[in-house]
Structures are given as C-alpha cells and as structure tokens.
Amino acid sequence: MALIVQKFGGTSVGNPERIRNVARRVLETQNAGHSVVVVVSAMSGVTDGLIKLAKEVSPHPTEREMDVLLATGEQTTIALTAMAINAMGGKAVSLTGAQAGIITSGVHTKAKIANLEPHEVRRFLDGGFACIVAGFQGQTEEGFITTLGRGGSDLTAIAIAAAVQADLCEIYTDVDGVYTCDPRIVPDARKIDVIAYDELLEMASSGSKVMQSRSVEFAKKFRVPFEVRSSFNSNRGTIVKEESIGLENVVVRGISIERRQAKVTITRVPDNPGTASRIFTALAAAHVIIDVIVQNVSVSGSTDISFTLGADELEKLGPVIDRVAAEIGAGEVIKKGGIAKLSVVGIGMRSHSGVAATLFECLGNGGVNIQMISTSEIKIAVIIDEDLIEHAARLAHAAFGLEKSS
Ligand code: ADP
Ligand code: ASP
Ligand code: MG
C-alpha cells in the first residue's frame with residue numbers, strides 16, 4: 001500500500017463530467033489499496049474570471065483582497081470533487097489550504113510556504129478518507145488567506161508530497177507530459193520520458209508553463225520526484241527527478257518561449273563605477289522585475305545598457321527609468337515592446353560545445369534577427385521579435401533534432 005499525491009489542474013476539473021472523471025481515478029487508486037491526497041486547481045477559467053471581476057469593481061484592488069477572492073476558486077473544486085467521490089460510494093473530505101496545515105509568508109498573491117503541518121491530512125487518511133486539498137492557497141501565522149502565485153497548485157502538491165513523505169506524486173494535466181516544446185506551438189514536439197529538475201526549472205522559468213517554476217524549485221530542494229501525465233488517458237508521463245549520468249548524454253532537452261517581453265536601452269551611460277548599481281537599485285526599489293541585462297563595451301567613456309522585462313512591467317518602469325537616466329547624465333531611454341525570448345535548455349550543454357553555433361545558424365538561415373543573447377551553464381536564450389517567436393521555435397526544434405520523427 002502506497003501513499004500517493006495526485007494533482008489535477010484546471011482543465012482536468014473544468015466541468016462536472018471531468019470532476020467525475022477525477023473522482024473515478026481517485027476511487028481506482030483507493031480500491032487498489034492506496035491512500036490518496038488529491039490537490040485540485042480552480043476549474044479552468046475561474047481564476048481569470050475572478051481577476052476580471054475584481055478589476056470591474058476596483059482599478060487597483062489590494063493584494064490581500066485578491067487572495068480572499070482567488071482562493072474561492074479552489075474551494076469550489078474541493079467541495080465538488082469530494083461530493084463526486086462520495087456519490088460514487090467512496091470516502092472523501094475536502095480541506096482548504098489552511099486546514100491542510102499550509103502556513104505561508106504574508107506576501108499576498110505570491111506567498112511562500114513557511115511551514116506545512118499536515119495533522120488533519122494524516123488523521124483523515126488514517127480514517128480511510130481521500131483528502132481533497134485546495135491548491136494555490138494557504139494562510140499566514142495570523143490566519144489570513146494567502147495564495148502562492150499563478151499555477152501555485154503545483155507547489156501545493158509538491159509541498160504536501162514532501163510533508164507526508166508520499167511514495168508517489170502525480171501531476172495530472174491536459175497534456176501527456178513535458179514535451180520538447182509546447183505542443184500547441186510545435187505540433188511535432190516529442191514527449192520527454194525523463195527530465196532533470198534543473199532542466200524543467202530552466203524551462204518553467206523561461207516560459208514553459210506546464211509546471212509552476214517555484215514548484216520545481218521546491219521539488220528539487222526537498223528531493224520530491226514526480227510524474228507529469230495526462231488526466232485524460234493512462235499513458236506514462238514524464239518523470240522529473242535528480243540528474244543521473246544517462247541524462248547528460250542529451251545535449252538539448254527542450255525549448256521554451258516567453259512572449260510579451262519588452263526591451264529597454266539606455267544610451268550613453270557614463271562608464272563609472274556605481275552607475276549600473278544606481279539604475280538597477282532604483283528599479284528594484286520600484287519592484288520592477290528585470291530579466292536579461294546586456295552592457296556594451298565602453299567607447300570613449302560611455303556605454304549602452306539594455307535589459308528586458310515583462311511587457312506588463314513597463315508601466316511601473318517608465319517614470320523611474322526616465323528619472324535615473326537624467327540623474328546619471330545618460331542619453332536616451334528607448335522602450336520597445338513586442339519582443340520575446342527563446343531558450344534552449346539541456347544539462348548536456350555543460351559537456352558539449354556547438355549549441356550556440358547551431359542555434360544562431362538556424363535562426364540566421366531562417367531570417368530571424370537576434371537582438372540579445374544570454375547564457376547559463378545549461379541554457380542559451382535569445383531575444384527576438386515576438387512576431388517571429390513561433391517560427392524561431394520550430395526552426396530551433398528541428399535544428400536540434402527534437403521532433404517526433406527524428
Ligand atoms: P494545468 O491547468 O493542468 O495546471 P497548465 O495549463 O498550467 O495545466 O499546463 C499545461 C499546458 O502547458 C499545456 O496545455 C501546454 O500547452 C503548456 N506547455 C507549455 N510548455 C509545455 C511543454 N514543454 N510541455 C508540455 N506542455 C507545455
Ligand atoms: N487557479 C490558480 C491559477 O489559475 C492556481 C493553479 O491553477 O494552479 O493560477
Ligand atoms: Mg498549471
């Protein structure tokens with residue numbers, strides 16, 4: 001008998017029939033003699049709908065109230081899922097994040113899990129119940145409702161699997177697993193059988209929203225292996241685990257894309273110690289999140305600095321960057337939306353050369369101009385025009401031989 005955590009995302013609980021489908025799967029697992037903790041998301045579209053509703057009553061709702069509102073989405077699903085299981089003759093109880101023992105920091109809308117004491121989960125499991133836990137939510141020490149960032153139900157599932165020392169953690173979603181690229185963009189993408197935490201972490205944090213990146217970080221830290229698989233069939237999915245020797249043989253594991261980025265260039269920045277610090281300290285103080293930063297080699301005492309950020313951050317950035325540029329005596333500030341990032345990821349890059357050459361060659365031959373380049377040990381990312389991102393993803397996918405047919 002095993003203890004299994006199963007997480008079902010929004011599409012998998014998107015309507016009553018799908019919730020009954022989840023209930024059947026949970027019952028099958030229980031009938032096979034296992035204990036089950038089920039983590040569910042809000043039904044698909046519900047969280048977005050709640051955000052829209054909030055904007056209709058207030059242009060800038062407080063994050064505290066957003067959390068109270070958004071947590072209702074998952075609360076609906078836990079009740080419906082428990083009801084469906086009970087109606088099929090099973091034994092299930094619903095638990096909110098707080099009831100499941102999830103204590104978080106007080107940073108509303110992106111709270112961090114500070115502690116998880118799953119006493120109630122254990123008590124109900126011992127009583128033969130399936131525990132249906134609301135994903136994405138927790139509470140502060142003081143008892144205020146918090147949420148864990150978009151896609152946060154993944155984090156709930158991984159954290160509970162770690163806390164109850166589950167034998168198995170399964171993330172059920174609307175695709176068969178983690179693919180070499182988002183199958184909606186590259187139809188020929190291939191399902192990956194095994195991927196290392198670091199690879200999925202790079203992919204998730206550079207736009208592959210199949211798993212929330214913080215959940216992968218958590219899984220790596222607490223060594224929770226998990227499987228990403230489909231809730232609509234019984235195919236084996238993708239195992240996500242620590243890296244092992246065989247995994248390094250593959251140079252490029254996958255490709256991610258991130259749309260809706262913007263690029264800012266500050267020209268003629270005086271080339272003095274402390275100038276970059278003044279720019280980025282001011283941006284950090286305004287809570288602007290920066291991604292890729294590039295500084296040119298200085299010519300005659302000044303240089304250009306460019307960086308990228310999410311297009312949504314531009315509004316916050318505008319007044320701050322104009323002020324700092326004037327203070328440091330720089331030239332122009334050029335802000336440009338409509339760009340995107342393509343990242344090529346694989347732990348095999350540590351020990352293989354030529355990945356950058358292949359990437360740049362295929363993009364060049366395909367007429368894609370590279371505006372910025374950034375690398376890490378296991379990733380090469382390029383900034384390009386957003387209009388060309390799907391074309392570029394397909395070119396790179398083929399150049400690295402990632403298609404199903406190869
Ligand atoms: P859930 O609601 O189950 O959490 P998500 O919508 O968050 O599901 O994640 C699943 C989606 O992630 C897929 O439908 C797919 O379009 C997208 N996706 C992006 N990149 C990848 C990838 N590399 N492999 C698989 N799916 C991906
Ligand atoms: N419902 C939340 C969201 O849409 C959390 C999740 O689905 O994981 O982001
Ligand atoms: Mg998700």
Side-chain angles (χ1 to χ4, degrees), residues 6-15 18 21-22 38-52 66-67 69-78 97 102 109-111 133-138 146-160 170-193 195 199-216 226-232 235 237-238 240 252-259 342-346 389-390 393 396-397 402 404:
Q6 298 182 327
K7 179 254 169 179
F8 293 89
T11 318
S12 307
V13 292
N15 60 41
R18 288 187 176 170
N21 177 42
V22 167
V38 181
V39 174
V40 286
S41 291
M43 295 166 77
S44 57
V46 166
T47 308
D48 288 339
L50 290 169
I51 293 172
K52 192 161 163 276
M66 283 308 286
D67 277 354
L69 178 69
L70 297 192
T72 62
E74 271 68 13
Q75 201 163 322
T76 305
T77 326
I78 53 172
I102 299 177
T109 74
K110 34 187 153 343
V133 177
F136 176 57
Q137 53 168 265
T146 50
T147 63
L148 308 174
R150 295 304 305 265
S153 300
D154 293 331
L155 178 56
T156 307
I158 302 284
I160 289 193
E170 299 175 313
I171 308 289
Y172 285 93
T173 182
D174 57 2
V175 274
D176 276 7
V178 179
Y179 279 68
T180 47
C181 191
D182 187 340
R184 290 178 212 250
I185 288 149
V186 179
D188 211 14
R190 186 167 23 136
K191 188 182 80 191
I192 300 168
D193 293 330
I195 187 168
E199 291 173 320
L200 185 56
L201 187 53
E202 281 282 10
M203 286 178 71
S205 51
S206 56
S208 296
K209 296 281 187 297
V210 59
M211 284 293 291
Q212 187 211 33
S213 61
R214 281 172 58 193
S215 71
V216 185
F226 60 95
E227 181 174 354
V228 180
R229 53 185 299 192
S230 170
S231 64
F232 304 127
N235 299 345
T238 302
V240 188
V252 172
R253 184 80 55 201
I255 290 172
S256 313
I257 66 167
E258 197 160 18
R259 297 174 209 265
L342 176 131
S343 308
V344 173
V345 175
I389 191 72
E390 296 199 1
H397 198 264
L402 297 175
K404 265 188 220 142

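Read the numbers this way: they start at 1 and go in the same order the structure lists the ligands and their atoms.
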* To do: Just let me know how V175 lines up against ligand 1, side chain, backbone, both or neither, with a heavy-atom cut-off below 4.0 Å.
  => side chain
* Would you mind telling me if ligand 1 is within reach of the side chain of K209, the backbone, both or neither, using heavy atoms under 4.0 Å? => backbone
* Asked: For ligand 1, is there an N or O atom under 3.5 Å from any N or O atom of G10?
  -> yes
* To do: Quick one: pull up CD in Q212 and OG1 in T156 and give me the separation to the nearest 0.5 Å.
  => 8.5 Å
* Asked: With a 4.0 Å cut-off on heavy atoms, is G135 touching ligand 2?
  -> no
* Structure fact -> Counting from 1 in the order shown, the ligand 1 atoms closer than 4.0 Å to a non-hydrogen atom of K7 are 4 (O)
* Asked: Short N/O distance, under 3.5 Å, between R184 and ligand 1?
  -> yes
* Is the shortest heavy-atom distance from the side chain of E202 to the side chain of S343 under 4.5 Å? -> no
* Asked: What residue and heavy atom of the protein are closest to atom 7 (O) of ligand 2, and at what distance?
  -> S41 OG, 3.2 Å
* Output the list of atoms in ligand 1 that are nearer than 4.0 Å to some heavy atom of D174, sorted by atom number. => 10 (C), 11 (C), 13 (C), 14 (O)
* Please indicate whether any nitrogen or oxygen in D154 is less than 3.5 Å from any nitrogen or oxygen in ligand 1. => no
* To do: Over all heavy atoms of both residues, which pair between Q137 and Q75 is shortest? Give the atoms and the distance, please.
  => NE2-N, 4.3 Å
* Structure fact -> Among Q137, Q212, M211, R150, closest by heavy atom to atom 9 (O) of ligand 2 is R150
* Asked: Which pair of non-hydrogen atoms, one from A396 and one from L342, has the smallest distance, and what is that distance?
  -> CB-CD2, 4.4 Å
* Determine, using heavy atoms of G73 and all atoms of ligand 2, whether some pair is separated by less than 4.0 Å. => no
* Counting heavy atoms only, which part of C181 comes closer than 4.0 Å to ligand 1: side chain, backbone, both or neither? -> backbone
* Quick one: does G177 get a heavy atom under 4.0 Å from ligand 1? -> yes
